Undergrad: 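Let me give you the structure first, and then I'll get to my questions.
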There are 2 protein chains.
Amino acid sequence: MARYKKKERQELLVESVSSDPFLTDERLSEMFAVSIQTIRLDRLELNIPELRERIKHVAREETEKIRSLSLQEVIGEIIDIELNSHALSLFIVEEGHVFQKNRIARGHYLFAQANSLCVAVIDEPLALTKAADIEFVRPAKLGDKVVSKASVEQMDGNTAVISMESTVEQRLVFKGVFEMYYRDEDNEGEKNG
Amino acid sequence: MARYKKKERQELLVESVSSDPFLTDERLSEMFAVSIQTIRLDRLELNIPELRERIKHVAREETEKIRSLSLQEVIGEIIDIELNSHALSLFIVEEGHVFQKNRIARGHYLFAQANSLCVAVIDEPLALTKAADIEFVRPAKLGDKVVSKASVEQMDGNTAVISMESTVEQRLVFKGVFEMYYRDEDNEGEKNG
DNA sequence: CCTCATTTAGTAGTTGGTACTAGCATCAGT
DNA sequence: ACTGATGCTAGTACCAACTACTAAATGAGG
């Protein structure tokens, strides 16, 4: 019976419980081939709450976190806007936005921030991105506050040209030129089916 | 004490429990001014599981949702891939991806599909988007199955050039050229702080 | 008034624990 | 070899929040 030493067992216990909070003391005592009492002493020392409390905690997070990660609609918070002229938005890089390995923000989130700001700055019922020429100058990292500035350069007929610059602490991380198509929606029906 | 009739009470009970699964029988019995036994009979008739089972259920959903959210790391499902050569992914446009008004997919989702496919096709530990030149040829709509094709055109030193084409039923909706930066991560440390 | 549905009361047993006491085993240091 | 600390196990009493069951009280309608 090659059992673990106390310290080792406790480390594994923390891991086990955090990877599967639904483990009972009985199940854990079998896993580590010790008595239930030992598991309970371990939990006491490690301040790991009992099964029911663990589950309750997970469930509470669920019910409270309904809206926190539904950033889908518009990425970033618009903090200043003058329609058909310019706009500013702030996007804070969170866990869900980065590569796990290196905590660098995935490019499409920076693009999404820029893109949704472009849509917002156009004061027309319909605004679609037609083309973009973009550059990721420097990586943005977990926790970074990315500020995007959109400036409408041209608007003629049904196309707008917007230049974008995103910075983290005044340092450029992303820039690009967006070409937007817009239309007074009531005016025409479908253009191309 | 104007208490509810059985049927009415049971309807309210279903509502209460589904809006707050953390309610104990005792708490419910106070809310409806009946005995605990009555609440239990009600739950039995209505097939409402006990508090602990309800909480467990919610917690299970949560842990599963975490898994599906981390699957959202990559937008679209990769259906064919040859590393450093080409790749194919499928992305189905759902409610969350479109403008409510016209059910047209937001540009950044099409970009995200293309971008994550580019990251995936590069067989290196680190791959970041450096620049992109893209065009939204035609709008993609709710329900559309968008197929993206990535072809690696060049790879030299630490930069790859990838051309992208996304189609819905063989019709082009999006195209672009992506320039990717890549690196054997163990090789160097931080390049730019 | 009688009857049937509804409600309440009460007991025994379950799960997954806490909190506490106490008995060993083992190893370290003297 | 003796002492003491550390670690593990055993066992008891108690708890919340139930299930499952029996039995009695209450109420509302015919």
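The model shown is predicted, which means the values in this text are computed figures rather than measured ones. By convention in this document, chain letters (A, B, ...) are assigned in the order of the sequence lines, proteins followed by strands, and residues within each chain are numbered from 1.
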Undergrad: Go through the N and O atoms of the side chain of B:Arg52 and the base of D:dA16, and report whether any donor-acceptor pair is under 3.5 Å.
TA: yes
Undergrad: Has the side chain of A:Asp123 got a donor or acceptor atom that lies under 3.5 Å from a matching backbone atom of A:Asn84?
TA: no
Undergrad: Between D:dA20 atom C1' and B:Glu50 atom CD, what is the distance in whole Å?
TA: 13 Å
Undergrad: Remember a base hit wins even if backbone is also touched, and classify A:Thr38 as base, sugar-phosphate or nothing at under 4.0 Å, heavy atoms.
TA: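 Contact class for A:Thr38: base.
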Undergrad: Heavy-atom count around B:Glu26 CD within 6.0 Å, excluding the residue itself: above 12?
TA: no
Undergrad: Write down the distance between CD (B:Gln10) and P (C:dA5), rounded to a whole number of angstrom.
TA: 15 Å
Undergrad: Go through C:dG16, D:dG7, D:dC18 for me and flag the one nearest to the A:Thr24 side chain.
TA: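 The listed nucleotide nearest to A:Thr24's side chain is C:dG16.
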Undergrad: Nearest-Å distance, CD1 (A:Ile55) to C1' (D:dA17)?
TA: 14 Å
Undergrad: Please give, in whole Å, the distance from D:dC8 P to A:Leu13 CG?
TA: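 Taking CG of A:Leu13 and P of D:dC8, I get 12 Å after rounding.
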Undergrad: Any pair with a residue in residues 37-51 of chain A that passes salt bridge (charged side-chain N to carboxylate O under 4.0 Å, His left out), sequence neighbours left out, goes on the list, sorted by first then second residue, please.
TA: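 Sorted result for residues 37-51 of chain A: A:Lys6-A:Glu45, A:Arg9-A:Asp42, A:Asp25-A:Arg40, A:Asp25-A:Arg43.
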Undergrad: Taking for each residue the nucleotide of DNA chain C with the nearest heavy atom, is it B:Lys56 or B:Ser35 whose nucleotide lies nearer the 5' end?
TA: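 Looking at DNA chain C, the more 5' nearest nucleotide goes with B:Ser35.
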Undergrad: Do B:Gln37 and C:dG10 have a side chain to base donor-acceptor pair shorter than 3.5 Å?
TA: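 Yes.
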Undergrad: Nearest whole angstrom, please: distance from the C1' of D:dC18 to the CZ of B:Arg27.
TA: 18 Å
Undergrad: In terms of side-chain heavy atoms of B:Leu51, which of D:dC18, C:dT8, C:dT18 is nearest?
TA: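 Minimum distance to the B:Leu51 side chain belongs to D:dC18.
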Undergrad: Are more than 12 heavy atoms from other residues, nucleotides or ligands located less than 6.0 Å from atom NZ of B:Lys175?
TA: no
Undergrad: Have a look at A:Leu88 and tell me which of A:Ile81, A:Leu117, A:Asp80 forms a side chain to side chain contact (heavy atoms under 4.5 Å, CB included) with it.
TA: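 So, applying the side chain to side chain contact (heavy atoms under 4.5 Å, CB included) to A:Leu88 and each of A:Ile81, A:Leu117, A:Asp80, only A:Asp80 qualifies.
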Undergrad: To the nearest Å, give me how far apart CD (A:Glu53) and P (C:dT18) are.
TA: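 Atom-to-atom, A:Glu53 to C:dT18, this comes out as 9 Å.
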Undergrad: Take the protein atom NZ of B:Lys6 and the nucleotide atom P of D:dA28, then report the distance between them rounded to whole Å.
TA: 15 Å
Undergrad: Which residues within residues 41-49 of chain A lie with some heavy atom under 4.0 Å of an atom in DNA chain D?
TA: A:Leu41
Undergrad: Rounded to whole angstrom units, what separation is found between the CD1 atom of A:Ile39 and the P atom of C:dG16?
TA: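 Distance, rounded to whole Å: 15 Å.
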Undergrad: At under 4.0 Å between heavy atoms, what does A:Arg9 touch on the DNA or RNA strands: base, sugar-phosphate, or nothing?
TA: sugar-phosphate
Undergrad: Are the side chain of A:Gln10 and the backbone N or O of A:Leu46 linked by a donor-acceptor pair below 3.5 Å?
TA: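 Judged by distance alone, no pair lies under 3.5 Å.
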Undergrad: Just checking, A:Arg54 and A:Phe22: is the charged tip under 6.0 Å from the six-membered ring centre and within 45° of the axis?
TA: no
